[in-house]
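Computed from a predicted structure; not experimentally measured. Convention: sequence-line order gives letters A, B, ...; per-chain numbering from 1. Just so you know, these numbers use all the heavy atoms, side chains as well, and skip hydrogens, waters and symmetry mates.
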Protein chains: 2
Amino acid sequence: MRLLIVDDHTMVLDLMSALFASEKDIDVSTAATYESALKTIETNNPFDLILLDFSMPGLVGLEGVSTVLKQARGCPVALMSGVANRDVAKLALEAGAVGFIPKTMQAKSLINAVRFMASGEVYVPNDFMNAPIDERREHPLARNLSEREYQVLKGLCKGLANKEIARDLELQEVTIKLHMKNLCRKIGANNRTHAAMIARDAGLF
Amino acid sequence: MRLLIVDDHTMVLDLMSALFASEKDIDVSTAATYESALKTIETNNPFDLILLDFSMPGLVGLEGVSTVLKQARGCPVALMSGVANRDVAKLALEAGAVGFIPKTMQAKSLINAVRFMASGEVYVPNDFMNAPIDERREHPLARNLSEREYQVLKGLCKGLANKEIARDLELQEVTIKLHMKNLCRKIGANNRTHAAMIARDAGLF
DNA sequence: CAAATTCCTATACAAAAGTATAAGACACTA
DNA sequence: TAGTGTCTTATACTTTTGTATAGGAATTTG
């Protein structure tokens with residue numbers, strides 16, 4: 001079985017290679033950049049599975065994922081990420097990824113997951129996708145926010161204006177302003193942009 | 001030598017444990033949360049080195065680092081991060097960290113670095129700190145920005161208002177507005193918050 | 001030197017964000 | 001039932017942000 005791992009973190013690359021080295025039937029290739037990954041796919045096709053890190057320089061978000069999927073020539077591509085949340089995972093799967101590997105997963109499970117995906121199945125960790133809706137609400141930052149404030153913060157982190165958030169939530173703009181002010185106070189932000197950065201730093205969204 | 005690795009990514013924890021397992025004289029403990037790390041420090045002291053992941057839920061940025069440093073009871077603490085930049089590394093060192101490990105590092109170098117730090121030295125990868133100042137300017141997003149636009153974007157990503165950025169750069173507020181508008185257009189943002197999120201997503205700042 | 005760039009500032013206006021106060025609807029609870 | 005808290009909206013206002021246009025200064029380039 002031939003596996004290609006793409007990650008800009010050399011350390012992760014090394015460590016994962018080492019992990020799979022003990023699996024006799026798995027042949028691991030690695031690439032640290034998007035370009036070298038594509039080149040490797042060109043020359044060393046076919047792979048049974050490509051493990052792609054979600055956050056690579058030059059690969060911005062989901063657009064990057066689609067690009068790789070298009071250029072993978074039919075190889076199944078699975079996403080890896082240490083930070084991405086459920087929404088991202090869902091979108092990646094909709095875009096055609098065959099799996100999603102959060103880096104919070106155990107190494108042993110990783111091997112199983114890789115075999116699973118290489119055999120043509122779609123893998124998503126159960127506890128990741130099927131956790132209670134409010135999982136993320138357990139985050140220390142989000143805990144004090146009301147449901148609406150959380151939704152507004154979510155919209156804010158997409159870079160939306162108050163008016164747009166209001167449209168999405170079917171509320172009046174003035175209501176968004178109120179929630180915005182309150183949530184800023186609660187998380188200690190001086191303004192909306194500050195709030196967005198604090199939320200992002202904390203790993204929300 | 002006793003080593004404690006703290007990272008919310010179980011996979012990283014597993015892989016690194018495996019890496020150090022082949023080093024006979026290194027005894028590795030791990031913790032996946034801030035709380036369990038502190039508990040482990042309480043009961044299993046002393047460690048020769050603590051490797052702390054920079055982005056842990058509940059540990060927001062540098063404040064979290066200082067907290068751990070305070071509670072580490074003299075154990076040297078080194079920071080690990082896949083995303084942090086030079087500024088963060090510098091601040092961490094100033095706060096008392098004994099080293100900084102970017103996850104772009106090779107696994108083999110990691111072992112050396114760990115031994116180095118455990119022996120009382122301060123470790124920072126040369127190519128990380130001493131790279132040319134404009135390293136980050138090579139980023140696809142930042143390449144098209146002028147120097148001033150880059151500085152304004154940097155201020156924005158701290159959550160600063162135009163007036164504050166103007167004070168910091170010793171410019172007029174109106175000038176900041178101009179740069180802000182131009183940089184938003186260049187990176188495809190609809191407004192300042194959107195720009196900040198795009199920059200953050202791209203790994204800038 | 002002239003042209004092109006980048007940067008800085010000014011004025012002026014439109015739009016959005018932020019603040020404050022008041023009040024009604026709803027659900028939950030002591 | 002009265003009280004508490006969240007959510008909602010309204011009105012009114014100030015501040016900040018965003019946009020447009022224009023011009024001067026400095027630097028680089030042909």
Please check: side-chain N/O of [X] versus main-chain N/O of [Y], any donor-acceptor pairing under 3.5 Å?
X        : Y        : result
A:Arg192 : A:Leu156 : no
B:Asp48  : B:Arg2   : yes
B:Asp53  : B:Asp7   : no
B:Thr175 : B:Leu171 : no

For atom [atom1] of [X] and atom [atom2] of [N], their distance in whole Å:
X        : N      : atom1 : atom2 : answer
B:Asn190 : D:dT17 : CG    : P     : 17 Å
B:Arg192 : D:dT19 : CZ    : P     : 11 Å
A:Gln151 : D:dT8  : CD    : P     : 8 Å
A:Leu183 : C:dT19 : CG    : P     : 11 Å
A:Asn162 : C:dT19 : CG    : P     : 11 Å
A:Lys163 : C:dG18 : NZ    : P     : 14 Å
B:Leu153 : D:dT17 : CG    : P     : 15 Å

Please find the pair of heavy atoms, one from [X] and one from [Y], that lie closest to each other, and give the distance.
X        : Y        : result
A:Phe100 : A:Ser81  : CZ-CB, 4.0 Å
B:Ala166 : B:Gln172 : CB-C, 3.9 Å
A:Asn191 : B:Ala161 : ND2-N, 4.2 Å

Query raised in the report: Where along residues 169-182 of chain B does a heavy atom come under 4.0 Å from DNA chain C, residue by residue in number order?
Result: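 The stretch gives B:Leu171, B:Gln172, B:Val174, B:Thr175, B:Leu178, B:His179 as the residues lying under 4.0 Å from the strand, ordered by number.
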
Query - Residue B:Asn191, side-chain atoms from C-beta onward, closest of C:dA16, D:dG18, D:dT16 - result: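 Nearest listed nucleotide: D:dG18.
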
Query raised in the report: Looking at D:dT17, C:dC7, D:dC7, which one has an atom nearest to any side-chain atom of B:Ala161?
Result: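 The listed nucleotide nearest to B:Ala161's side chain is D:dT17.
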
Query raised in the report: Can you check whether A:Ser146 has a side-chain N or O nearer than 4.0 Å to OP1 or OP2 of D:dG5?
Result: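 No, no such contact exists.
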
Requested in this report: Output yes when at least one side-chain N/O atom of A:Arg148 is less than 4.0 Å from OP1 or OP2 of D:dT8, else no.
Outcome: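 Yes.
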
Requested in this report: Tell me which of A:Leu160 and B:Glu149 sits closer to the 5' end of DNA chain C, going by the nucleotide each one is nearest to.
Outcome: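 The residue whose closest nucleotide sits nearer the 5' end is B:Glu149.
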
